[in-house]
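Please read the structure below before turning to the comments.
All heavy atoms count here, side chains included; hydrogens, waters and symmetry mates do not. To find a chain, count down the sequence lines: A is the first, B the second, and so on, and within it residues start at 1. Note that the structure is predicted; figures quoted are calculated from it, not measured.
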There are 2 protein chains.
Amino acid sequence: MVKSHSQPSLSGIPEPHSESMTGIDLPFFHILAPASREAFLQSVQMVRFPRNHFIFQPEQIARHAYFVLKGAIRQFTLADGKEVVTRLVIEGGFSTAFYSFISQKPCFEYCQTLEEVEAISLSRREMERLCAEHIDIANLERKITEQYLIQEQERALSLQFLSAQERYEQLFKQDASILLRFPLGTIASYLGMSQETLSRLRAKNI
Amino acid sequence: MVKSHSQPSLSGIPEPHSESMTGIDLPFFHILAPASREAFLQSVQMVRFPRNHFIFQPEQIARHAYFVLKGAIRQFTLADGKEVVTRLVIEGGFSTAFYSFISQKPCFEYCQTLEEVEAISLSRREMERLCAEHIDIANLERKITEQYLIQEQERALSLQFLSAQERYEQLFKQDASILLRFPLGTIASYLGMSQETLSRLRAKNI
DNA sequence: AAAAACATTTGATGTAGGTCAAAAAGTATG
DNA sequence: CATACTTTTTGACCTACATCAAATGTTTTT
């Protein structure tokens with residue numbers, strides 16, 4: 001268990017820059033009834049994390065999920081001292097340690113900002129309260145979870161039977177913007193291959 | 001796209017043996033309010049599929065999800081004529097082509113019974129209706145989806161960085177009963193390795 | 001119970017992609 | 001702008017696992 005990152009800030013508790021949310025307009029907002037929208041806004045906060053900040057670390061419980069408005073986050077675990085990247089998040093995506101956020105048990109992954117991040121934060125506790133009181137929020141959360149289920153399923157499938165080359169091409173087609181935002185080693189790990197292999201693939205395909 | 005299975009029955013529409021559901025007690029039932037429980041029972045049906053029946057096939061839309069009470073199901077796709085097993089379901093699990101069920105777009109997987117199957121069937125349409133009307137059902141479905149999200153995430157992670165040996169051991173620990181219900185080739189494919197490799201692993205570990 | 005069909009094992013061989021090491025390119029810092 | 005640090009590339013070599021093929025074992029059918 002080696003930490004190989006420069007100056008991690010370890011708090012994990014995003015207090016410093018929290019701001020009012022009045023007037024924010026989110027992509028999934030139009031689905032909600034006005035009352036639900038109002039309640040939702042009451043429950044979330046704007047947060048800002050500096051570059052290279054660790055939002056979560058193993059052993060902590062992921063009490064919040066973040067909807068990223070700006071910046072880039074990578075999530076990873078350590079396996080025999082090697083980083084295994086589990087998720088890459090940029091604008092428009094949710095970042096949290098899903099297992100921990102869902103079960104409220106200690107997480108096993110790191111969640112690190114690579115750029116300054118601006119996000120909307122919702123705690124699991126508030127999420128449960130909102131879902132218990134607002135049926136449209138419960139269904140919105142259900143739909144979002146469904147989308148992530150599909151995404152994880154696709155990821156598993158591509159790791160199961162695509163070659164390194166094919167996995168790279170797939171990411172290139174689906175999400176080329178990701179390739180520009182993260183260092184090569186990070187993308188390689190996310191794709192389940194070594195850095196050297198990804199570098200060679202890239203050279204071959206120009 | 002080669003079909004390599006004996007006598008698939010292709011209907012996909014489970015009419016033959018549907019039965020009344022009065023008095024059924026499901027594991028997740030106690031969470032629901034009596035009214036929701038009642039509505040739920042009104043919406044589901046008991047179905048039975050014979051051995052080697054294809055519940056779904058590619059191009060079809062998965063209009064139902066099945067909660068398996070008895071029997072075993074394997075789901076797979078064909079990639080260059082080779083079967084890639086995506087999901088193994090026995091008693092207590094849900095079987096559906098998640099992508100298709102969620103999006104109501106054509107599915108890409110086969111869903112085949114290996115034994116006679118007895119299941120509770122819920123259509124996507126009814127599910128949406130129930131979730132729109134009963135907040136506790138919406139939250140129950142959310143929780144179930146969350147569990148499957150975690151499961152898929154674990155599967156992706158193990159395919160990403162565990163060796164064939166380790167993946168086998170993990171399945172052995174977590175779900176040994178699966179190993180007894182499905183043929184070796186099916187399990188090997190599910191674990192992302194060749195049949196021969198799994199056979200050799202098993203021989204080594206006695 | 002013999003024949004056919006299917007599932008598993010075992011052996012020989014090939015290869016995609018891993019690891020290690022060093023060079024080259026790019027970026028940050030005093 | 002020169003030094004240090006990080007990231008990416010390139011090359012040589014190696015290994016885990018795939019593929020192919022044949023033998024053995026097991027279940028189903030007649």
Sequence-distant partners of [X], side chain to side chain donor-acceptor pair (under 3.5 Å), two or more places apart:
X	result
B:Arg200	none
A:Glu146	A:Arg142, B:Arg124
B:Glu169	none
B:Ser199	none

(message) Just verifying a value: how many Å separate B:Ile102 CD1 and A:Gln147 CD, rounded to the nearest 0.5 Å?
(response)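 Answer for the CD1-CD pair, B:Ile102 versus A:Gln147, is 7.0 Å.
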(message) Does the protein touch nucleotides 23-30 of chain C at the base, only the backbone, or not at all? Give it as B, S and - per nucleotide, heavy atoms under 4.0 Å.
(response) --------
(request) Mind checking salt bridge (charged side-chain N to carboxylate O under 4.0 Å, His left out) for A:Arg129 and listing every partner two or more places apart, or none if nothing turns up? (result)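 A:Arg129 satisfies salt bridge (charged side-chain N to carboxylate O under 4.0 Å, His left out) with A:Glu126, A:Glu133 once adjacent residues are dropped.
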Taking [X] for the side chain and [Y] for the main chain, is one N or O donor matched with an acceptor at less than 3.5 Å?
X	Y	result
B:Thr113	B:Asn52	yes
B:Gln60	B:Cys107	no
B:Gln112	B:Ile73	no
B:Asn139	A:Ala138	no
B:Glu152	A:Tyr148	no

(request) Compute the bend angle of the helix from C:dT8-D:dA23 to C:dG30-D:dC1 from the end axes (five pairs per end), rounded to 10°. (result)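 That helix has its two terminal axes inclined by roughly 40°.
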(message) Please report the distance, rounded to the nearest Å, between CD in B:Glu115 and P in D:dT27.
(response)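 Going from CD in B:Glu115 over to P in D:dT27 covers 15 Å.
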(message) Can you measure B:Leu114 atom CG to D:dT28 atom P for me and round it to whole angstrom units?
(response)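 After rounding, the gap between these two atoms is 13 Å.
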What nitrogen or oxygen pairs link the protein and nucleotides 14-19 of chain C at under 3.5 Å?
{"from": "C:dG17", "atom 1": "OP1", "to": "A:Ala164", "atom 2": "N", "distance (Å)": "2.8"}
{"from": "C:dG18", "atom 1": "OP2", "to": "A:Ser194", "atom 2": "N", "distance (Å)": "3.1"}
{"from": "C:dG18", "atom 1": "OP2", "to": "A:Ser194", "atom 2": "OG", "distance (Å)": "3.0"}
{"from": "C:dG18", "atom 1": "OP2", "to": "A:Thr197", "atom 2": "OG1", "distance (Å)": "2.4"}
{"from": "C:dT19", "atom 1": "O4", "to": "A:Arg200", "atom 2": "NH2", "distance (Å)": "3.3"}

(message) Quick check on contacts: within residues 174-184 of chain B, what sits under 4.0 Å from DNA chain C by heavy-atom distance?
(response)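 Only B:Pro183, B:Leu184 qualify.
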(message) Would you say that B:Asp80 contacts B:Lys82 through its side chain, given a criterion of any heavy-atom pair below 4.5 Å between the two side chains?
(response)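 The answer is no, as the side chains (C-beta and beyond) never meet within the 4.5 Å cut-off.
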(request) Evaluate the ring planes of A:Phe76 and A:Phe54, with Trp represented by its six-membered ring, and classify them as parallel (under 30°), tilted (30 to 60°) or perpendicular (over 60°). (result)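 Ring orientation, 0 to 90° scale: perpendicular.
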Protein-nucleotides 23-26 of chain D N/O pairs closer than 3.5 Å?
none

(request) Could I get the full list of side chain to side chain contact (heavy atoms under 4.5 Å, CB included) partners for B:Ser158, not counting sequence neighbours? (result)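 If we apply the side chain to side chain contact (heavy atoms under 4.5 Å, CB included) test to B:Ser158, skipping adjacent residues, the hits are B:Leu162, B:Arg167, B:Gln170.
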(request) Go through the structure and list residues passing ring pair (Phe, Tyr, Trp, His ring centres under 6.0 Å) with A:Tyr190, not counting sequence neighbours. (result)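 Expected list: none.
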(request) Examine C:dT8: is either OP1 or OP2 under 4.0 Å from a nitrogen or oxygen in the side chain of B:Arg202? Give yes or no. (result)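 B:Arg202 to C:dT8 OP1/OP2: no side-chain N or O under 4.0 Å.
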